[in-house]
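Below is one structure, written out as structure tokens; the observations come after it.
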Amino acid sequence: MSQQVFASLVDMQRRSCAAHGNRPLFGTKRGGVYQWMTYGEFGAEVDRCRAALGALGVGRGDRVSVIANNRVEWAVGAYGTYSLGGTYVPMYEAQLAKDWKYILRDSGAKVLLVSSEAIYDEVKDFPAEIETLEHVLCFDAPASASASFAAALAKAAPMDPVMPVAEDICGFIYTSGTTGEPKGVVLSHGNIISNVNAVQQEFPIREDDCSLSFLPWAHSFGQTCELHTLMSRGAAIGLAESVQTLIDNFSEVKPTLLFSVPRIFNRIYDGLQKRMEDESPVKRALFYKGLEVARERRLLADKGQKSWWVDKQYAFFDKLVFSKVRARFGGRLQYAFSGGAALSKEVALFIDDIGIEVYEGYGLTETSPIATANTPGARRIGSIGKPLPGIEVVICDEQGKRVPAGQEGEIVVIGPNVMQGYHNRPEATEEVIFDLDGKRAFKTGDMGSIDPDGFVRITGRFKEQYKLENGKYVVPSPLEELLKLSGFVNQVFLYGDNKPYNVAIVVPDFEAVQKWAKKQGLSASTPEDLVKDKAVHAKIGEELRKYGDAFKGYERPQRWALITDEFSTENDMMTPSLKIKRRVVQRVYQAMLDGLYHDA
């Protein structure tokens, strides 16, 4: 399929639905089996949604918000809104009600779409509290209910679409707010469609490709890279029931593509490692010998070399071992795309070695989102790739001046994908948008460098880094990701701001710890007892030392505390995109963190 250049998301959706009318677009599991909606059927639903929203008074510049996980109606609402010249404002079901209120009020939403009747009951009185909000519709409400989304679509008169231009605003995506209140990132049709067009140039996505969708479309990575980009190519999207049912859904949907964040890849890595521990010595030896051959084959490929004997061995292990691993993901998975945070090189190489090509990219909501990506023919594991076509990435110092080649500094992005600004936040916009050599540039807040071949590497976030008493700077997130590669560590939080050394709060992987404790003959078995056990505390310390072996001396945690409660969206310690809210964790556990120094 040849590359197409689209003018807007409406242009893309209408052309794709016309070109691929009978092909499957969305798969939803109902009655125990996946049922598929075609492109033609989806296009008809979008037409009905446009008419229904138009009848509610939605027009150019109006905001329609949605609280829902990925589902067909989410996409119908989005494209129905776009085709009225409106702005779509997504939120997460996992967010707190206070966050929904804040975003609805800040965005000036006119219509709110919600997934379930339970959420509808929480928000049905919001119009009385929020001046701009006039209507609330529910996807799951029965057709007889006044708030039924389906009933609204069924009774509206047809309405011609608005065809937006590049400058027209299509969405506000509210950032996660790890360091404060969420900010509404204002994105135009030109912003997002430039990313879709650029991805088409770089990745050979075909109309017979299929993804299993679980990365939220409320997140810019899932929305642009999966929803919009796959639709632009005529590909299919199977909707996962939940993260907990992924293995079953993989075997049912049989995806060829996987869009995910590092946490899921880490789970795959950790899960396979733990599974191998329970296999027979023969199976375990075959698996690790296969990985050894895969590594040898990869190292040869990096030098532009091949070996008949190594290839023959790899084919043997691929058929005997790796194909069975891939069968757990449906048997057809070829490409995995990682974004949202830095992916551990060790995990990326592991996924690659079992026969699933990993392409790591980088970007932010403010860059629509992709700025750089590894691509076929230009892939370097451990990097975040090269800029997409039409995008320029430079490294600057804190004053916004370019630094010498190879030197570390702040990653700055220039291109048509750079946001219009933050809604209602002119000061915040001015802090990150600036003029660089006559071009409109965006300060990402991420630290990185560019190697001589043009590959960009990321080393952490400026806002997260802190300074120890000795003057050394620590960037915690990449270090935490490496420590979480331990099968005994579920979550970890590093701390050391103005302190003599780093300490850590660890949420153990209790399944692994319980199994280990039983083998050691320990009496402790419940999570509450395990975190108090000295032997468990020592074992976690051993794991922190092992997986922090590559850290600089001052980066390694010298003391640690174990807790039972995970950081989650429910306790407001994680964002919906699964980033730790560092300020919240620090506030809740400040006494414990201080105690790690006082008790030394």
Side-chain angles (χ1 to χ4, degrees), residues 9 13 16 24-30 33-39 41-42 45-46 49 64-82 88-95 100 103 112-116 118-120 137-140 149-150 170-174 176 192 196 205 209-233 235-250 252-261 263-264 330 336-340 365 369 569 575-578:
L9 291 172
Q13 178 261 313
S16 289
L25 172 52
F26 292 120
T28 305
K29 193 171 180 181
R30 295 193 182 95
V33 296
Y34 269 87
Q35 300 176 23
W36 292 85
M37 170 182 276
T38 67
Y39 274 80
E41 290 167 339
F42 176 73
E45 284 292 287
V46 171
C49 180
V64 175
S65 195
V66 61
I67 303 171
N69 295 332
N70 297 1
R71 54 189 292 165
V72 171
E73 294 91 342
W74 193 106
V76 168
Y79 287 99
T81 300
Y82 301 151
Y88 208 51
V89 184
M91 294 182 282
Y92 300 86
E93 289 188 22
Q95 279 174 297
W100 295 338
I103 291 170
L112 172 61
L113 310 176
V114 302
S115 59
S116 66
I119 293 177
Y120 176 77
L137 296 178
C138 178
F139 297 151
D140 288 345
F149 180 75
C170 66
F172 295 171
I173 298 182
Y174 278 77
S176 303
I192 293 181
V196 173
I205 297 172
D209 274 321
C210 177
S211 75
L212 177 65
S213 176
F214 58 89
L215 193 65
W217 296 338
H219 187 278
S220 58
F221 179 34
Q223 186 184 139
T224 298
C225 303
E226 185 173 48
L227 174 61
H228 300 319
T229 298
L230 292 196
M231 187 181 297
S232 78
R233 301 301 280 174
I237 302 171
L239 302 171
E241 295 172 274
S242 69
V243 173
Q244 288 70 40
T245 61
L246 282 180
I247 293 299
D248 289 340
N249 296 159
F250 271 120
E252 295 159 331
V253 172
K254 295 178 169 49
T256 59
L257 311 173
L258 174 63
F259 296 85
S260 187
V261 292
R263 189 176 187 184
I264 300 299
F337 303 94
S338 179
T365 303
T569 54
T575 70
S577 56
L578 305 181

Using a 4.5 Å cut-off on heavy atoms from C-beta on, say whether the side chain of Y92 contacts that of P216. yes

Full working for side chain to side chain contact (heavy atoms under 4.5 Å, CB included) between F221 and T365: CA-CA 8 Å; F221 179 34; T365 303; over 6 Å; no

Heavy-atom closest contact (Y79 atom, L9 atom, distance): CE2-O, 3.7 Å

K254: salt bridge (Lys or Arg N to Asp or Glu O under 4.0 Å) partners, not counting sequence neighbours: none

Tightest non-hydrogen contact, residues S116 and D140, listed as CA-OD2, 3.6 Å

So, for L215 and G222, which heavy atoms are closest and what is the spacing to 0.1 Å? CD2-N, 3.8 Å

Using salt bridge (Lys or Arg N to Asp or Glu O under 4.0 Å) as the criterion, list what pairs up with E41, not counting sequence neighbours. none

Atom CD of E241 and atom CG of L212: how far apart are they, to the nearest 0.5 Å? 9.5 Å

Sorted by chain and residue number, the ring pair (Phe, Tyr, Trp, His ring centres under 6.0 Å) partners of F250 (sequence neighbours excluded) come out as F329

Quick one: side chain to side chain donor-acceptor pair (under 3.5 Å) partners of Q35, sequence neighbours excluded? none

Do V46 and Q13 come within less than 4.5 Å of each other through their side chains, counting heavy atoms only? yes

Are I205 and L257 packed together at the side-chain level, in the sense that at least one heavy-atom pair is separated by less than 4.5 angstrom? yes

List for me each residue that meets ring pair (Phe, Tyr, Trp, His ring centres under 6.0 Å) alongside W217, sequence neighbours excluded, and say none if there are none. F26, W74

A side-chain contact here means heavy atoms from C-beta on lying under 4.5 Å apart; do R233 and D209 qualify? no

Suppose the criterion is salt bridge (charged side-chain N to carboxylate O under 4.0 Å, His left out): which pairs have a residue in residues 222-232, not counting sequence neighbours? none

Say you draw a straight line from CG of L137 to CG of L112; how long is it, rounded to the nearest 0.5 Å? 8.5 Å

Hey, is the main chain of P369 close enough, under 3.5 Å, to the side chain of S220 for a donor-acceptor pair? no

At their closest point, which heavy atom of A236 faces which heavy atom of P24, and how far apart are they? CB-O, 3.6 Å

Heavy-atom closest contact (C138 atom, S115 atom, distance): SG-O, 3.8 Å

Find out whether F214 and I264 are in side-chain contact, i.e. whether some heavy atom of one side chain is under 4.5 Å from a heavy atom of the other. yes

Presence of salt bridge, D248 and K29, under 4.0 angstrom: no

Go through it in stages, so that I can follow the logic: the residues are S211 and L258, the test is side chain to side chain contact (heavy atoms under 4.5 Å, CB included), and I'd like the CA-CA distance, side-chain angles, deciding distance and then a yes or no. CA-CA 6 Å; S211 75; L258 174 63; over 6 Å; no

At their closest point, which heavy atom of A240 faces which heavy atom of N249, and how far apart are they? CA-OD1, 3.5 Å

Name all residues meeting the side chain to side chain contact (heavy atoms under 4.5 Å, CB included) criterion together with L25; count only those two or more places apart in sequence or in a different chain, and write none if there are none. Y39, F42, M231

Distance (rounded to the nearest 0.5 Å) between C49 SG and Y82 OH: 11.5 Å

Considering residues at least two apart in sequence or located in another chain, which fulfil the salt bridge (Lys or Arg N to Asp or Glu O under 4.0 Å) criterion with E93? none

If you measure from CG on L230 to SG on C225, what distance do you get to the nearest 0.5 Å? 9.0 Å

Would you indicate whether the side-chain heavy atoms of V64 and L113 approach each other to under 4.5 Å? yes

Any non-hydrogen side-chain atom of V72 less than 4.5 Å from a side-chain atom of E45? no

Measure from the side-chain N and O atoms of Y88 to the backbone N and O of G80, and report whether any donor-acceptor pair falls under 3.5 Å. no

4.5 Å side-chain heavy-atom contact, V66 and M91: no

Return the set of residues passing salt bridge (Lys or Arg N to Asp or Glu O under 4.0 Å) with R263 (not counting sequence neighbours), or none when no residue passes. none

For H219, all residues meeting ring pair (Phe, Tyr, Trp, His ring centres under 6.0 Å), sequence neighbours excluded: none

S338 side chain vs V261 backbone, donor-acceptor pair below 3.5 Å: no

Not counting sequence neighbours, which residues clear side chain to side chain donor-acceptor pair (under 3.5 Å) with T569? List them please. none

Please list, chain by chain and in numerical order, all residues satisfying ring pair (Phe, Tyr, Trp, His ring centres under 6.0 Å) with F149, sequence neighbours excluded. F139

To the nearest 0.5 Å, what is the distance between CD1 on I67 and CD1 on I119? 6.0 Å

When you look at Q223 and I173, which way does the side chain to side chain contact (heavy atoms under 4.5 Å, CB included) test go after all the steps? CA-CA 10 Å; Q223 186 184 139; I173 298 182; 3.7 Å; yes

Can a donor-acceptor pair be found, under 3.5 Å and without considering hydrogens, that links the side chain of T229 to the backbone of V196? no

